[in-house]
Trainee: 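Structure in structure tokens, see below.
FYI, side chains are in, hydrogens and waters are out, and symmetry mates aren't considered; it's all heavy atoms of this structure.
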Amino acid sequence: MSLRVQHLAKDYPTRSGALTVLRDVSLELERGDALAIMGPSGSGKSTLLHILGTLDRPTRGEVRLEGREPFALSERDLADFRNRHIGFVFQDHHLLPQCSVLENVLIPTLVARESREAMKSWARQLLDRVGLGDRLDHRPAELSGGERQRVAVARALIHRPVLLLADEPTGNLDRRTAASIGKLLLDLHREERNILIVVTHSLELADLFPRTLLMEDGALQSPASHPESRIRTTNEK
């Protein structure tokens, strides 16, 4: 199993006691799986995504990616693992304004072991695939919102990650642009055969995905509209 999550929980200390954000979340996904997670604000969606991306640590439970337990690694090794095996697309593109489109895509490779020329060639290919092959030298300020998000998608794929995580990737876009970004994410996911998990409030984006789960009060549940879902949670026994 490429991604295995078992009994994941996350608590935050408060003056009145522990605040539980995630409750006993278990999930299994393989390469080629694509999943949308929906739910109200504050339900734990982004917290789950951050833990799966190793940006935050769980209070309890286990995460394994490609058979490895990232939270057992040292901080330095964990950062390297995250850089090489996990890609991120956020609601805000987080591009560096002083860098060109090509340079922004190459940022995750600054500590890479691969040939610089090989990585530049792959970055150009990715930018071609997202429709920006003629914008390599442009700065983010010279791009539309949708084009900036396409650069962010290319950047997330530069290391061919096993796991691609997207947190509200269409939240700042108009409906037409949002639809094109959603289709782009899924098209590239199918080509690369990675694991794609998207957190979204958008029904339009979620409807593009073959599987959807609901996050409610820190727990994952299958919506009644997707009874055929093969994603397994602890609530499906």
Trainee: Could you tell me which residues satisfy side chain to side chain donor-acceptor pair (under 3.5 Å) with D187, sequence neighbours excluded, listed by chain and number?
Mentor: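 If we apply the side chain to side chain donor-acceptor pair (under 3.5 Å) test to D187, skipping adjacent residues, the hits are K183, R190.
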Trainee: Where do H201 and S41 come nearest, in terms of heavy atoms and distance?
Mentor: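 So the two residues come closest at NE2-OG, 3.4 Å.
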Trainee: Excluding sequence neighbours, so at least two apart, what forms salt bridge (charged side-chain N to carboxylate O under 4.0 Å, His left out) with E62?
Mentor: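 E62 satisfies salt bridge (charged side-chain N to carboxylate O under 4.0 Å, His left out) with R64 only.
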Trainee: To the nearest 0.5 Å, tell me how far H138 NE2 sits from L143 CG.
Mentor: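 That separation rounds to 7.0 Å.
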Trainee: Grouping I, L, V, M, F, W and Y whenever their side-chain heavy atoms are under 4.5 Å apart, do I158 and L196 come out in a common cluster?
Mentor: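 Linked, I158 and L196 end up in one cluster.
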Trainee: Under the salt bridge (Lys or Arg N to Asp or Glu O under 4.0 Å) definition, can you give me all pairs with a residue in residues 38-50, not counting sequence neighbours?
Mentor: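 Those involving residues 38-50 do not exist here.
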Trainee: Nearest 0.5 Å, what's the OG1-CG distance between T212 and L35?
Mentor: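 That separation rounds to 7.0 Å.
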Trainee: Please report the shortest heavy-atom distance between L186 and A34, naming the atom on each side.
Mentor: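 Taking every non-hydrogen atom into account, CD2-CB, 4.0 Å.
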Trainee: So, for L205 and G182, which heavy atoms are closest and what is the spacing to 0.1 Å?
Mentor: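 Nearest pair, atom of L205 first, then G182: CD1-CA, 3.6 Å.
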Trainee: Between N194 and V162, is there a side-chain heavy-atom distance shorter than 4.5 Å?
Mentor: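 Side-chain contact under 4.5 Å: no.
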Trainee: Is there a side-chain contact between T54 and L65 in this structure, where contact means two heavy atoms from C-beta onward sitting under 4.5 Å apart?
Mentor: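 T54 vs L65: side chains apart.
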Trainee: I need the I197 CD1 to I86 CD1 distance, nearest 0.5 Å.
Mentor: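 So the gap between those two atoms works out to 10.0 Å.
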Trainee: Taking L185 as the starting point, is it possible to reach L132 by hopping between hydrophobic residues whose side chains are less than 4.5 Å apart?
Mentor: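 Yes, same cluster.
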Trainee: Quick one: list whatever passes side chain to side chain donor-acceptor pair (under 3.5 Å) with R124, sequence neighbours left out.
Mentor: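 Residues passing side chain to side chain donor-acceptor pair (under 3.5 Å) with R124: none at all.
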Trainee: If you round to the nearest 0.5 Å, how far is CD of E30 from OG of S2?
Mentor: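 Nearest 0.5 Å value for the OG-CD distance: 6.5 Å.
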Trainee: With sequence neighbours left out, write down each residue that passes side-chain contact (heavy atoms from CB on, under 4.5 Å) with Q98, or none if nothing qualifies.
Mentor: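 Only L96 meet the side-chain contact (heavy atoms from CB on, under 4.5 Å) criterion with Q98.
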Trainee: P169 and L173: which non-hydrogen atoms are nearest, and at how many Å?
Mentor: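 Looking at all heavy atoms of both residues, the shortest contact is O-CD1, 4.0 Å.
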Trainee: State yes or no: do V5 and V21 share one hydrophobic cluster built from I, L, V, M, F, W and Y residues joined by side-chain heavy-atom distances below 4.5 Å, directly or via other members?
Mentor: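 Different hydrophobic clusters.
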Trainee: Is the backbone N or O of L19 less than 3.5 Å from a side-chain atom of T14, with the two atoms forming a donor-acceptor pair by type?
Mentor: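 Pair absent, no side-chain N/O of T14 close to backbone of L19.
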Trainee: What's the verdict on side-chain contact (heavy atoms from CB on, under 4.5 Å) for L213 and S222, showing C-alpha distance, side-chain angles and the deciding distance?
Mentor: CA-CA 5 Å; L213 291 179; S222 291; 3.4 Å; yes
Trainee: Got a donor-acceptor contact below 3.5 angstrom from the H189 side chain to the G32 backbone?
Mentor: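 Flag set: sc H189 to bb G32 pair under 3.5 Å.
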Trainee: Could you pull out the closest heavy-atom pair between L78 and L73, with the gap in Å?
Mentor: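 So the two residues come closest at N-CB, 3.9 Å.
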Trainee: Taking salt bridge (charged side-chain N to carboxylate O under 4.0 Å, His left out) as the test, write out the residues that go with R31, two or more places apart.
Mentor: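 Partners of R31 under the salt bridge (charged side-chain N to carboxylate O under 4.0 Å, His left out) test: E66.
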Trainee: What residues form a salt bridge (charged side-chain N to carboxylate O under 4.0 Å, His left out) with K10, not counting sequence neighbours?
Mentor: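 Scan of K10 (salt bridge (charged side-chain N to carboxylate O under 4.0 Å, His left out), adjacent residues dropped) gives D56.
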Trainee: Are L106 and L110 close enough that some pair of their side-chain heavy atoms sits under 4.5 Å apart?
Mentor: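 The answer is no; the side chains never approach within 4.5 Å.
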Trainee: List the steps and the verdict of side-chain contact (heavy atoms from CB on, under 4.5 Å) for L95 and R139.
Mentor: CA-CA 9 Å; L95 301 181; R139 298 293 188 269; over 6 Å; no
Trainee: Going by the rule salt bridge (charged side-chain N to carboxylate O under 4.0 Å, His left out), which residues pair with R76 if we only count those two or more places apart in sequence or in a different chain?
Mentor: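 Result, salt bridge (charged side-chain N to carboxylate O under 4.0 Å, His left out) vs R76: none returned.
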Trainee: Looking at side-chain heavy atoms only, is the closest gap between L22 and M215 below 4.5 Å?
Mentor: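 Touching, per the 4.5 Å side-chain cut-off.
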Trainee: Applying ring-ring contact (aromatic ring centres under 6.0 Å, His included), which residue pairs with at least one partner in residues 56-90 are found, sequence neighbours left out?
Mentor: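 Output for this query lists F81-H85, F88-F90, F90-H94.
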Trainee: CD1 of I51 to OG of S46: how many Å apart, nearest 0.5 Å?
Mentor: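 If we round to the nearest 0.5 Å, I51:CD1 and S46:OG are 11.5 Å apart.
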Trainee: Hey, could you give me the CD/OG distance between Q6 and S26, rounded to the nearest 0.5 Å?
Mentor: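 Here the rounded value is 6.0 Å.
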Trainee: Walk me through it: do L164 and L188 pass the test side-chain contact (heavy atoms from CB on, under 4.5 Å)?
Mentor: CA-CA 10 Å; L164 181 60; L188 291 171; over 6 Å; no
Trainee: Does a side-chain heavy-atom distance below 4.5 Å link P140 with V151?
Mentor: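 Counting from C-beta outward, P140 and V151 never come under 4.5 Å.
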Trainee: Considering only residues two or more places apart or on different chains, which pairs with a residue in residues 154-178 satisfy salt bridge (Lys or Arg N to Asp or Glu O under 4.0 Å)?
Mentor: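 Those involving residues 154-178 are R160-E192, R175-E204.
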Trainee: According to side chain to side chain donor-acceptor pair (under 3.5 Å), who are the partners of E75, at least two apart in sequence or on a separate chain?
Mentor: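 For E75 the side chain to side chain donor-acceptor pair (under 3.5 Å) partners, ignoring immediate neighbours, are R57.
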Trainee: For P108, is there any backbone N or O sitting under 3.5 Å from a side-chain donor or acceptor partner on N83?
Mentor: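 Side chain of N83 to backbone of P108, a donor-acceptor pair under 3.5 Å: yes, one is there.
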Trainee: Do D137 and L102 have side-chain heavy atoms sitting under 4.5 Å apart?
Mentor: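 Side-chain contact under 4.5 Å: no.
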Trainee: What pairs meet the salt bridge (Lys or Arg N to Asp or Glu O under 4.0 Å) rule with one or both residues in residues 141-150, with sequence neighbours excluded?
Mentor: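 The answer is R135-E147.
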Trainee: Identify the heavy atoms of Y12 and T47 that sit nearest to each other, and give their distance.
Mentor: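 Of all heavy-atom pairs spanning Y12 and T47, the closest is OH-CG2, 4.0 Å.
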Trainee: Determine whether N172 and H93 make a side-chain contact, defined as any pair of heavy atoms from C-beta on separated by less than 4.5 Å.
Mentor: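 The answer is no, as the side chains (C-beta and beyond) never meet within the 4.5 Å cut-off.
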Trainee: Does a donor on one side chain and an acceptor on the other come within less than 3.5 Å for T109 and R116?
Mentor: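 A donor-acceptor contact under 3.5 Å links the two side chains.
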Trainee: Please examine the side chains of V130 and L157, heavy atoms only from C-beta on, and report whether any two atoms are closer than 4.5 Å.
Mentor: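 Result no, sub-4.5 Å side-chain heavy-atom pair not found.
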Trainee: In this structure, are over 12 heavy atoms from other groups packed under 6.0 Å from R193 atom CZ?
Mentor: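 Counting other residues, nucleotides and ligands, CZ of R193 stays at 12 neighbours or fewer.
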